[in-house]
Amino acid sequence: MKLLLQEIHDKAKNEVKDVFELKNLKDLRVKYLGKKGEITQILKNLNTVGSDERPEIGKIANIVRSDLESLIAQKEKELEDKILTERLESERIDVTIKNKRVKPANLHPLTIVTRELEDIFLGMGFEIASGPEIETVYNNFDALNTPLNHPSRDLEDTFYINNNIVLRTQTSSVQIRTMRDKKPPIKVISPGRVYRSDDVDATHSPVFHQLEGLVVDKDISMSDLKWTLETFIKKLYGQDIKIRFRPHYFPFTEPSAEIDISCFVCGGKGCRVCKGEGFIEILGAGLVHPNVLKNCGIDPEIYSGFAFGMGLDRIVMRRFNIDDLRLLYDNDIRFLSQF
Ligand code: PHE
């Protein structure tokens, strides 16, 4: 029996020594010290040993047991320490290592230009108004004095949701909303997305952007319109730019004008960009038609106003030398990250 104990003790010591996994150590503990473990068995079966030997065997068995217990506990601590050290090692952050540069996001070129224009107009005392992109036919056409036979109402040109609802074709609908909601003096701009049924090519898109302006007050005249637009255009394109007002027709303004600026490429001599004209059209404008004021409950005998509207996409394209409108809508990160 003594010999057996000795053997078990030696075997167990070696096995504990060779263990590298906590799990295996646990198994060893069960194997020797568990309820059915080898040492436990011996202690349980002490009664089969002769009574003279019993105390000694019992003593040795207990010594072996406590030795194994402390060996296993020690090994357990060793293994736990090792695991902890390994984990600390693997999770160590080297703060001196060179960081991969995370490029910050940037604004879309349309947003950049829109904000720039908003800044200019805010500086001139305008407020920013907005309206929905899904608009009533009334706000988009009727209230804007657009005759029933006007070509812009055509199904070929406008996206109709139903007979009374369209995707707005112009930000001018915000004029109507603003004048209905507020009494003069009114001085707002309204940038936003508009829709027209166009085939997509380098200069056309069924979705594009406009910026509308509206001023209504007593004694507003064409000279107010002219000063405002000249001031704006010079802030945007510089003092040397030449500006040309050309008579035009819009249902909602009378008189109406289209405004051209001298070509920034050739300076007015005529080139490919301005198609030999020397000038490029950038906005439509005019004095708010009395019918439009009336439609919004504003007395045209007391108040008058001017309005203007411009396409933002072209301004963006010119500003950043972008030669294809589609780039603004493709969401190609290689393009967008350049701004
Ligand atoms: N809404 C017109 C367009 O889309 C532009 C415009 C706005 C003209 C305001 C005059 C006054 O072409």
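Counting starts at 1 for both ligands and their atoms, in listed order.
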Trace of the side-chain contact (heavy atoms from CB on, under 4.5 Å) decision for K183 with Y303: CA-CA 10 Å; K183 292 301 142 214; Y303 293 105; over 6 Å; no
Verify same cluster id: L110, I189 (apolar side-chain graph, 4.5 Å):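 Yes; tracing contacts between hydrophobic side chains, which count when under 4.5 Å, links both residues.
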Would you give me the side-chain donor-acceptor pairs under 3.5 Å for residues 264-288, sequence neighbours excluded?
none

K2 side, atom NZ; I57 side, atom CD1 - distance, nearest 0.5 Å: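 One finds 6.5 Å between NZ of K2 and CD1 of I57.
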Heavy-atom donor-acceptor pair, N145 side chain to F252 backbone, under 3.5 Å: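 Judged by distance alone, no pair lies under 3.5 Å.
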Short N or O separations between ligand 1 and the protein, below 3.5 Å:
from, atom 1, to, atom 2, distance (Å)
ligand 1, 1 (N), Q170, OE1, 2.9
ligand 1, 1 (N), S172, OG, 2.9
ligand 1, 4 (O), R196, NH2, 2.9
ligand 1, 4 (O), Q210, NE2, 2.9

Any side-chain heavy-atom pair of H108 and L328 under 4.5 Å: yes
